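Take a look at the structure below.
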Amino acid sequence: MIKFNVPPFTGKELEYMKIAISEGKICGDGCFTKKCNEWIENNTKTEKALLTTSCTHALEMAALLSDVRPGDEVIMPSFTFVSTADAFVLRGAKIVFVDIRPDTMNIDESLIEEAITPKTKVIVPVHYAGVSCEMDTIMDIASRHGLKVVEDAAQGVMSSYKGKALGTIGDFGCYSFHETKNYSMGEGGALLIRDKKDVEPAEIIREKGTNRSKFFRGQIDKYTWVEQGSSYLPSDLNAAYLYAQLELAEEINNNRLDSWQSYKEGLVELQNAGKIELPYIPKDCIHNAHMFYLKAKDVEERTRLIDYLKSHDILSVFHYVPLHSAPAGIKYGRFYGEDRYTTKESERLLRLPMYYGLKKDEIEKIVELINKFYR
Ligand SMILES: *Cc1c(COP(=O)(O)O)cnc(C)c1O
């Protein structure tokens, strides 16, 4: 059986978790949390990174920091995970869904400006499959209209756009370290903060609305409740698990990119023959092989391919049910303009097994079967 995902494990995780325990501090912001924050800051060149309990929570923090209020509108693609929208719906926002580009499955940047109204507050580009949205265009629109940009870079750790790490371009960036992502702590994430002025408010929100972070740095002699907040900091045990992988990020990234390339080479003839479509990487984007997908002709062909692979013990999956067609999406959002690609392309997309340590011969087997299916 070839699984769809195997959570990354490098071997040092348990050792680091033992160290965290022996330090006598397994709550939030212990030594491994600090190491992870610093790793992200050094590798992405962001002003500040704060480890969080999930990417969902990093998005919720970004919504609070963007001062989203009831009635405000937030622009995003409908082809994304629920949390992208939910984090803003929790603040009372109305979601305005914009169509995607069929080539990258990212928000179509050329449609964003028309979707802006006087109520618009935030644009949320989602870097699907770790491939960047067209950020120059999006940042230009945001600055001309005075909007915040929150990057959902859940899938984009180690990816970049024109040399800038994903998650560092907008006001805020959100990473996921869920077990289905490239680097994992089981459940976890990070908030990346571009501007210094947003760092202290973010620390307060993450620490239950208190100025405890300042207190721990010795900048004040007692801490107190100063703003709204919640508990968004993970246990240092989880951070210890993650740090073992961040240390080996290059190796994990290269291993995934090798797998990605093997899939591409094995399936490119089917693409050339017009049978399937494969991911497209724009020239300004360096990706992280978060996923390898193909697009079948339509939903029926995709279902047959999933069943065929399953009959050979290979698990492949699809996602997302477009949010604007989901019950909560209908209630809390609206689709701007025409749904030309979101629904149609989402029904064709199929994700193939992809994880750190996926073997070459396993990929060969999958590639061979898909070629056979189309013959
Ligand atoms: C995984 C994912 C999330 C949620 O991440 P969690 O860490 O599980 O909260 C949000 N957005 C996108 C695009 C994702 O892929």
Side-chain angles (χ1 to χ4, degrees), residues 4-5 7-8 33 36 40 49-64 74-90 95 97-98 100-101 104-107 122-133 135 138 149-159 161 166-167 170 172-192 206 230-235 238-239 241-242 245-246 256 279 287-293 317-324 326 328-329 333 342 345-346 349 351 354-355:
F4 171 70
N5 177 60
T33 306
C36 290
I40 298 170
L50 294 172
L51 223 54
T52 59
T53 28
S54 63
C55 178
T56 303
H57 279 167
L59 287 160
E60 286 182 21
M61 287 181 69
L64 278 161
V74 178
I75 293 174
M76 66 180 64
S78 170
F79 183 71
T80 183
F81 188 63
V82 292
S83 301
T84 320
D86 223 349
F88 295 90
V89 167
L90 280 170
I95 308 300
F97 297 111
V98 167
I100 52 167
R101 301 164 37 149
T104 56
M105 303 297 281
N106 283 334
I107 191 167
V122 185
I123 304 171
V124 190
V126 179
H127 304 300
Y128 183 70
V131 178
S132 182
C133 297
M135 289 307 289
I138 292 170
V149 174
V150 175
E151 296 177 71
D152 183 339
Q155 304 174 10
V157 183
M158 294 286 277
S159 291
Y161 171 80
L166 300 193
F172 304 105
C174 304
Y175 281 175
S176 175
F177 299 118
H178 186 261
E179 74 166 25
T180 52
K181 301 303 199 290
N182 293 24
Y183 311 93
S184 178
M185 53 199 278
E187 301 277 355
L191 179 71
L192 279 66
R206 182 167 165 272
S230 189
S231 185
Y232 291 129
L233 70 170
S235 159
N238 297 61
Y241 191 97
L242 176 66
Q245 291 161 40
L246 294 182
R256 297 184 75 110
H287 75 113
N288 59 359
H290 172 62
M291 66 172 88
F292 194 92
Y293 65 82
V317 305
F318 62 84
H319 70 177
Y320 302 102
V321 174
L323 296 185
H324 74 281
T342 300
E345 298 300 297
S346 70
L349 187 136
R351 302 172 64 188
M354 174 59 85
Y355 51 85

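Everything quoted here is computed from the prediction, not taken from an experiment. For ligands, and for the atoms within them, numbers begin at 1 and follow the listed sequence.
One distance of note links SG of Cys55 with CD of Glu187; it measures 11.5 Å at 0.5 Å rounding.
In this structure, atom 3 (C) of ligand 1 lies nearest to the protein heavy atom Phe81 CD2, 3.6 Å.
Which parts of ligand 1 touch Gly188 is read off a 4.0 Å heavy-atom cut-off, strictly below it: atoms 7 (O). For ligand 1 and Thr56, the ligand atoms under 4.0 Å from any heavy atom of the residue are 4 (C), 6 (P), 9 (O). Interface of Ser54 with ligand 1, defined as ligand atoms under 4.0 Å from a residue heavy atom, comprises 7 (O), 9 (O). The atoms of ligand 1 that sit less than 4.0 Å from any heavy atom of Val126 are 13 (C).
Taking only nitrogen or oxygen atoms, main chain and side chain alike, Gln155 reaches within less than 3.5 Å of ligand 1. At a 3.5 angstrom cut-off on N or O pairs, Phe177 does not count as close to ligand 1.
Using cut-offs of 30° and 60° for the angle between ring planes, the Phe79 and Tyr320 rings count as perpendicular.
For Tyr355, the OH atom counts as densely surrounded, since its 6.0 Å shell holds more than 12 non-hydrogen atoms of other residues, nucleotides or ligands.
Only side-chain heavy atoms of Asp152 come within less than 4.0 Å of ligand 1; its backbone N, CA, C and O stay farther off. The proximity of Phe79 to ligand 1, defined as any non-hydrogen pair under 4.0 Å, does not occur for either the backbone or the side chain. Neither the backbone nor the side chain of Thr180 comes within 4.0 Å of ligand 1, counting heavy atoms alone. If you look at Ala154 next to ligand 1, the close heavy atoms, those under 4.0 Å, all belong to the side chain. Contacts between Lys181 and ligand 1 below 4.0 angstrom, taking non-hydrogen atoms only, involve the side chain exclusively.
In this structure, the ring of Tyr128 has its center less than 6.0 angstrom from the ring center of His319.
Looking at Thr52, its side chain does come within 3.5 Å of a backbone N or O of Ala190 through a donor-acceptor pair. Side chain of Thr53 to main chain of Gly188: no donor-acceptor pair is present (N/O by atom type, distance under 3.5 Å, no hydrogens or angles).
Of all non-hydrogen atoms in Ile107 and Met76, the two that sit nearest each other are CD1-C, 3.8 Å.
With sequence neighbours left out, Thr33 forms a side-chain hydrogen bond (donor to acceptor under 3.5 Å, both in side chains) with Asp236.
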